[in-house]
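Accompanying notes for the structure given below.
Read the numbers this way: they start at 1 and go in the same order the structure lists the ligands and their atoms.
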Amino acid sequence: MTLPQLVVEQIDRPELVARIERVLRETLFTSRAYIRPSDVKRLADIEADAFVVFRNDLNEAAVIAHGAELCRQGLGDQAILRLGQVLREFCGSDSWNGQSVLCSELAETYHRLLMVGFFRAHEAIILEEQERIRSAVQNTLHRYNLQIAAASGIARVTTSMLDLGDLLTTAVDLIAERFEHDYAGIYLLDESKQAAVLRAATGLEGRKRLATGHRLKIGGPATVGTSLLTRSYVLVNDVDQEPARLESSWVSRTRSELVLPLLTHGQVAGALTVQCQRPAAFSTQDVPGYQIIADQLASAIENAHLYADTLRRANELSEAYGHLKELDRLKDEFLRNVSHELRTPLTLIIGYTERLARGNLGPLNNEQQNAVDVVVRSSRSLLSLIENLLSMAEMRARKISTAPVSVAELVELTVSDFRLLTEGKGITLRAELVPADRLPKVAVQPDHVRRILDNLLSNAVKFTPSEGEIVVRVWGADGAVFLEVADTGIGILPQEQERIFEAFYQVDGSIRRRFGGTGIGLSLVKDLVLNNGGSIKVASAGPNLGSVFTVSLPAVDG
Ligand code: ADP
């Protein structure tokens with residue numbers, strides 16, 4: 001560059017510095033970095049010197065380097081643009097009369113070179129900045145990816161575990177391994193809710209602490225205590241810089257720690273601590289990722305608690321059930337014993353009173369006959385009740401032994417037993433039987449057929465008015481023997497026909513009072529029939545048109 005030699009030797013340097021300083025102050029808002037007000041004066045001095053030096057040596061490279069330096073110092077582009085203006089104004093002012101053109105030209109050149117240096121540096125800085133941001137974003141993304149992968153892996157394993165001990169141990173091992181931490185531990189609140197106990201921890205030191213039942217107070221000086229109290233995370237970048245803590249979750253050589261509360265429904269259940277031997281291993285950016293893990297862990301812990309609770313309740317219920325079953329067994333045993341004890345004398349009573357009623361023990365007058373008939377009827381119905389109770393108890397004890405039985409013979413016997421009763425009530429009782437030799441036998445428990453018949457006939461007698469008729473039919477077909485008891489009594493409505501086989505069910509309370517009974521007869525009949533491999537159905541043409549009960553029992557093969 002060739003510039004005319006300047007004549008002026010004296011420049012008003014303080015004025016130049018003041019003008020530059022003013023510009024710098026006015027443009028501070030465009031600075032790229034923070035410039036302290038106290039630095040402004042210094043920068044203005046440097047800038048004025050640079051211009052004066054250039055005026056003397058015309059060293060272009062030095063001005064370019066100076067522009068770059070100003071950029072690195074953090075000066076904004078507004079400041080650089082305004083500087084040119086200030087220098088031109090300064091050089092063109094009145095005090096420079098005569099030489100102002102030359103000086104303005106110098107200022108122009110100086111400013112152009114300054115801008116070249118400044119914007120080159122600016123461009124380099126922007127490129128550097130872009131590169132820094134790009135790699136920071138990449139690092140963050142990489143970190144997030146790692147965290148998400150680790151979190152989902154940990155969640156997958158832990159949410160499927162129902163044993164609390166296994167769950168916690170697996171969780172700390174996985175967390176320490178996946179994130180390459182030197183230590184991980186889980187504290188859970190104890191029953192007092194005032195302290196948390198270490199429930200799982202990694203490494204030898206962790207195991208030692210577990211063995212001694214390491215506990216920390218909520219709100220105590222330890223990081224875990226603080227996290228439990230505030231229900232938020234605690235991050236320690238360098239434990240050496242922390243005030244000495246008497247009780248601590250740190251294991252030896254730990255330099256940095258992140259503690260996260262384990263929260264379920266807003267309630268704190270415990271805390272997770274992760275620790276590293278290098279300082280500043282964790283940053284606040286890591287917290288959301290770790291909190292996801294802590295939240296999943298908290299709900300897995302809650303599930304495990306619920307499962308343990310359910311298991312405990314199920315055990316209690318099963319114990320209670322066992323107790324009830326034992327009581328039930330004792331009750332059945334008692335019922336069986338009492339029924340046996342009652343049956344023997346009752347059979348004797350019935351035997352003798354029947355002989356009395358038939359006149360076998362001498363003639364009876366009318367009054368005596370009536371009284372003895374009542375005793376016979378009542379004793380028979382009492383015996384029937386006792387037999388029913390006995391059969392029920394036996395059925396529940398599953399005591400069944402089958403033998404080939406001739407239904408026709410049993411029907412004949414039973415019908416003749418009921419004859420006295422039906423005659424007394426003015427009911428016709430008929431049996432329509434296939435001769436025994438043309439009827440196959442059935443494979444059932446013999447007294448069961450007797451109970452079936454006894455109950456169906458008792459009901460038929462009970463629900464049929466005098467002048468009515470009861471017919472018992474027996475026939476064989478399709479590998480089964482059919483037994484039917486039909487009466488001309490009060491009948492059963494269709495909607496009641498299913499329910500009468502339920503235990504203790506009786507069609508109508510008022511009828512029950514009129515007819516008596518316990519409601520166990522038909523349910524016992526159904527159980528007996530089904531347990532012997534048969535089936536039962538009922539039909540009725542309508543009220544007062546009678547009922548028909550049909551039982552089928554499997555015939556003996558061959
Ligand atoms: P119980 O006869 O002791 O009441 P059951 O179990 O033998 O008990 O019968 C249940 C109910 O079924 C009876 O209360 C009655 O309402 C109805 N039932 C049973 N057999 C007949 C029948 N032959 N005719 C009309 N209703 C009947």
Which of the numbered atoms in ligand 1 are below 4.0 angstrom from a heavy atom of [X]?
| X | result |
| --- | --- |
| Gly521 | 5 (P), 6 (O), 7 (O) |
| Phe549 | 20 (N), 23 (N) |
| Tyr505 | 10 (C), 11 (C) |

Can an N or O of [X] be found at a distance shorter than 3.5 Å from an N or O of ligand 1?
| X | result |
| --- | --- |
| Leu522 | yes |
| Ser523 | no |
| Lys462 | yes |

> Between Leu272, Leu260, Asp286, which is the residue that forms a side-chain contact (heavy atoms from CB on, under 4.5 Å) with Tyr233?
Replying inline: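 When Leu272, Leu260, Asp286 are each tested with Tyr233, the side-chain contact (heavy atoms from CB on, under 4.5 Å) holds only for Leu260.
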Check whether any heavy atom of [X] sits under 4.0 Å from an atom of ligand 1.
| X | answer |
| --- | --- |
| Ile490 | yes |
| Phe501 | no |
| Gly489 | no |
| Gly491 | yes |

> Does a salt bridge link Glu423 with Lys425, judged by any charged N lying under 4.0 Å from a carboxylate O?
Replying inline: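 The answer is no: the pair does not qualify as a salt bridge.
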> Are Asp328 and Lys325 close enough for a salt bridge, meaning some N to O gap below 4.0 Å?
Replying inline: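 A salt bridge is absent here (no side-chain N lies under 4.0 Å from a carboxylate O).
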> Roughly how far, to the nearest 0.5 Å, is the OG1 atom of Thr464 from the CD1 atom of Ile470?
Replying inline: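 Separation between the atoms: 4.5 Å.
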> Restricting to pairs with a member in residues 407-420, which pass side-chain hydrogen bond (donor to acceptor under 3.5 Å, both in side chains), not counting sequence neighbours?
Replying inline: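 Qualifying pairs, neighbours excluded: Asp417-Arg450.
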> Counting heavy atoms only, which of Ala486, Gly519, Ala503 is nearest atom 1 (P) of ligand 1?
Replying inline: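 The nearest heavy atom belongs to Gly519.
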> Heavy atom under 4.0 Å from ligand 1: found in Val525's side chain, backbone, both, or neither?
Replying inline: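 Near ligand 1, Val525 shows nothing, with every heavy atom at 4.0 Å or more.
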> Are Ile349 and Leu383 side-chain neighbours, meaning at least one heavy-atom pair lies under 4.5 Å?
Replying inline: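 No, side chains not in contact.
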>> Please check this pair: side chain of Thr488 against backbone of Glu469, looking for a donor-acceptor N/O pair closer than 3.5 Å.
In response: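 Checked: pair present.
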> Under 30°, 30 to 60°, or over 60°: which ring-plane class applies to Tyr290 and Phe179, parallel, tilted or perpendicular?
Replying inline: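 Tyr290 and Phe179: tilted rings.
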